[in-house]
J.: 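Mind looking over this structure? Questions follow.
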Amino acid sequence: MCAAGKKFSLNLPLKVILTEEGASHFLSHNMKLQRFKLADNVDEYGVSLNSFSPQSLQNMILVNYISKIEISMSEFVSVRQEVMDLSKVVVYSLLYKQFDRQLFAELIQTDCVQKHNRKNPTQLIDERTKLSENQLRTSLAAKQSTINLAKKEILDPIWKSVMENKDYSLEEKNIYLLMTEKFLNRLSLMNWHIITKFYNTDGFPQINLAIRHLLQVYMEKSRVAEYISILVMELALNNENSNMRKEARKMYAGIDDTDSLIYDPEVREKIVDELKRNHEQVFVSWKLGGGSSAIGKQGRLQITLYNKDDEFQEVKENIETKAAADTNKKSLIDFYRELPEGQESTDLGLYYLSYLDDACKKVNVKFESIVNQFSSSDLTVINLVFNF
């Protein structure tokens, strides 16, 4: 289960970039949008949040209101858990959406739905079916008992299988029990419309089987959320420490052992204050999908991490124009292996990366990492790209 669920709110300085649907929703409620210049030097419109409910953020993602989330800070150690929770909220939200999309695609191919469509050509249930949310809510409000019965019939065999699986720890069992229920609770109204319509028919066993199979698949996919959050935090802390070492060399010239400085609490606090004064920050962004109309890209997540330094604007122009002469592109694993010994926690980073890579392969999540390093400055841009 996402650890964010344990907290009523998270306190992080978020820039939330809205989709067209999201912007329309906010404007229709007379809420003013802000203009941001993001880390990629592009101007976007959205809202800023400093304290927010993980559930409210997730709901905005589920209804396609958010296209990108960005945070920038001089130090991440003090908000380690909050950033990891945020990352898990984003990943789980994408998984919920992908599960819902894939399930709908499978449900409209079941025999009972196909048979219904042949008999009722004016009431087709397919990808072109458009029913208003109000219409669906009204219809389903009278079917709550059916929804509860359907949930129980779907979940009972899965929960029994989980509890009997000796390979799962008690913690894993509890996580899986909770996750499977969450996937069902976040199904779209349209999917529940189909489930309840055919619940007491000969076609429901096929529908039930399709849902249970897909729940099993996504229950396993959800394991990657934890690994992603850990790796993101590891990379953010590496960037933070890199900035601190550079600043320590400026502030304490002549002292070779910068690690002894940045790990001394009092000295570290002074270095952080100086970084803040100079607006030296680490940026992390989560770019969600390719938009509701981007076929095949709805389940895409791109996480980007980079530092902002004195030559930031010049370097970003190089990024935007793809000036190959200034760019050294490599995989994240090569980047880790080439770090100077003692400069970063290389072994730990490779350890997390290896776990994430293996976890993604096991559950058919496509994962690639690209690191761009710019010779004109110390800026390193890390892209982690996932397709769920």
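For clarity, every value in this text was computed on a predicted model and none was experimentally measured. Numbers for residues simply follow the sequence, beginning at 1.
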J.: Measuring only between side-chain heavy atoms, which start at C-beta, is Ile69 closer than 4.5 Å to Lys15?
T.: no
J.: Which one of Phe386, Phe388, Tyr227 satisfies the ring-ring contact (aromatic ring centres under 6.0 Å, His included) criterion with Phe367?
T.: Phe386
J.: With the side chain counted from C-beta on, respond yes when Met163 and Leu177 share a heavy-atom pair under 4.5 Å apart, and no when they do not.
T.: yes
J.: Within a strict 4.5 Å, meaning less than it, do heavy atoms of the Val267 and Tyr252 side chains meet?
T.: yes
J.: Looking at Asn239 and Val282, would you say the former's side chain and the latter's main chain have a donor-acceptor pair under 3.5 Å?
T.: no
J.: Evaluate the criterion side chain to side chain donor-acceptor pair (under 3.5 Å) for residue pair Asn50 and Asn11; output intermediate values, then yes/no.
T.: CA-CA 6 Å; Asn50 289 304; Asn11 298 305; over 6 Å; no
J.: Does Glu20, at its CD atom, have more than 12 non-hydrogen atoms belonging to other residues, nucleotides or ligands within less than 6.0 Å?
T.: no
J.: Where do Gln102 and Leu214 come nearest, in terms of heavy atoms and distance?
T.: NE2-CD1, 3.3 Å
J.: State, yes or no, whether a side-chain contact exists between Ile17 and Ile66 at a heavy-atom distance under 4.5 Å.
T.: no
J.: Checking side chain to side chain contact (heavy atoms under 4.5 Å, CB included) for the pair Ser161/Asn165: CA distance, chi angles, key distance, verdict?
T.: CA-CA 6 Å; Ser161 175; Asn165 192 323; 5.7 Å; no
J.: Nearest 0.5 Å please: distance from the CG atom of Leu178 over to the CE atom of Met219.
T.: 12.5 Å
J.: Between Lys361 and Asp357, is the closest basic N to carboxylate O distance under 4.0 Å?
T.: yes
J.: What is the distance from atom CG of Leu209 to atom OG1 of Thr110, rounded to the nearest 0.5 Å?
T.: 11.5 Å
J.: Is the side chain of Asn383 donor-acceptor paired with the backbone N or O of Thr304 at a distance under 3.5 Å, no angle test?
T.: no
J.: Does Ile262 form a side chain to side chain contact (heavy atoms under 4.5 Å, CB included) with Arg245? I'd like the steps, not just the answer.
T.: CA-CA 7 Å; Ile262 69 171; Arg245 288 187 179 95; 4.1 Å; yes
J.: Could you tell me the separation between the OH atom of Tyr306 and the CD1 atom of Ile382, rounded to the nearest 0.5 Å?
T.: 12.0 Å
J.: Within 45° of the ring axis of Tyr218 and under 6.0 Å from its six-membered ring centre, is that where the NZ or CZ of Lys221 lies?
T.: yes
J.: Going by heavy atoms in the side chains, are Phe26 and Val47 under 4.5 Å from each other?
T.: yes
J.: So how far is it from Arg249 CZ to Leu261 CG, rounded to the nearest 0.5 Å?
T.: 10.5 Å
J.: Return the minimal non-hydrogen interatomic distance between Ala236 and Leu305, and the atom names on each side.
T.: N-CD2, 3.6 Å
J.: Kindly say whether Glu240 contributes a backbone atom to a donor-acceptor pair with the side chain of Glu75 at under 3.5 angstrom?
T.: no
J.: Thinking salt bridges, do Lys68 and Asp40 make one under a 4.0 Å N-O criterion?
T.: yes
J.: Are any of the side-chain heavy atoms of Asp167 and Glu172 separated by less than 4.5 Å?
T.: no
J.: Are Gln281 and Phe283 side-chain neighbours, meaning at least one heavy-atom pair lies under 4.5 Å?
T.: yes
J.: Would you check if the side chain of Ser139 reaches a backbone N or O of Gln135 as a donor-acceptor pair within less than 3.5 Å?
T.: no
J.: Could you tell me if the side chain of Ser9 sits less than 4.5 Å from the side chain of Phe52, heavy atoms only?
T.: no
J.: When the ring centroid of Phe198 is compared with that of Phe204, is the distance short of 6.0 Å?
T.: no
J.: Before we go on, tell me: are the rings of Tyr168 and Tyr176 under 6.0 Å apart, centre to centre?
T.: yes
J.: Answer yes or no: is there a donor N or O on one side and an acceptor on the other, between the side chain of Ser74 and the main chain of Glu280, under 3.5 Å?
T.: yes
J.: Take a 6.0 Å sphere around CD of Glu269 and say whether it holds more than 12 heavy atoms from other residues, nucleotides or ligands.
T.: no
J.: Using only atom types and a distance under 3.5 Å, with no angle test, would you say the side chain of Gln216 pairs donor to acceptor with the backbone of His213?
T.: no
J.: Between Thr19 and Asn64, does a side chain to side chain donor-acceptor pair (under 3.5 Å) hold up when you go through it step by step?
T.: CA-CA 7 Å; Thr19 61; Asn64 297 315; over 6 Å; no
J.: What is the distance from atom OG of Ser67 to atom CG of Leu18, rounded to the nearest 0.5 Å?
T.: 7.0 Å
J.: Under a 3.5 Å distance rule, please check whether Lys88 uses its side chain to pair with a backbone N or O of Ala225 as donor and acceptor.
T.: no
J.: Compare every heavy atom of Ser48 with every heavy atom of Phe36, then report the nearest pair and how far apart it is.
T.: CZ-N, 3.8 Å
J.: Is there a path of hydrophobic side-chain contacts, each under 4.5 Å between heavy atoms, that joins Tyr96 and Ile147?
T.: yes
J.: So with a 6.0 Å cut-off around CG of Asn120, is the heavy-atom count from everything else above 12?
T.: yes
J.: Does the pair Arg35/Glu44 count as a salt bridge with the N-to-O cut at 4.0 Å?
T.: no
J.: Tell me if a side-chain donor or acceptor on His29 pairs with a main-chain N or O of His25 at a distance below 3.5 Å.
T.: yes
J.: Using only atom types and a distance under 3.5 Å, with no angle test, would you say the side chain of Thr129 pairs donor to acceptor with the backbone of Leu124?
T.: yes
J.: Give, for atom CG of Leu86 and atom CG of Leu14, the distance between the pair rounded to the nearest 0.5 Å.
T.: 5.5 Å
J.: Verify, without hydrogens or angle tests, whether Glu21 (side chain) and Val63 (backbone) share a donor-acceptor contact under 3.5 angstrom.
T.: no
J.: With a 4.0 Å cut-off, would you call Lys270 and Glu274 a salt bridge?
T.: no
J.: For the pair Asn185 and Lys151, evaluate side chain to side chain contact (heavy atoms under 4.5 Å, CB included) and give the outcome as yes or no after the intermediate values.
T.: CA-CA 9 Å; Asn185 287 342; Lys151 278 184 183 179; 2.6 Å; yes
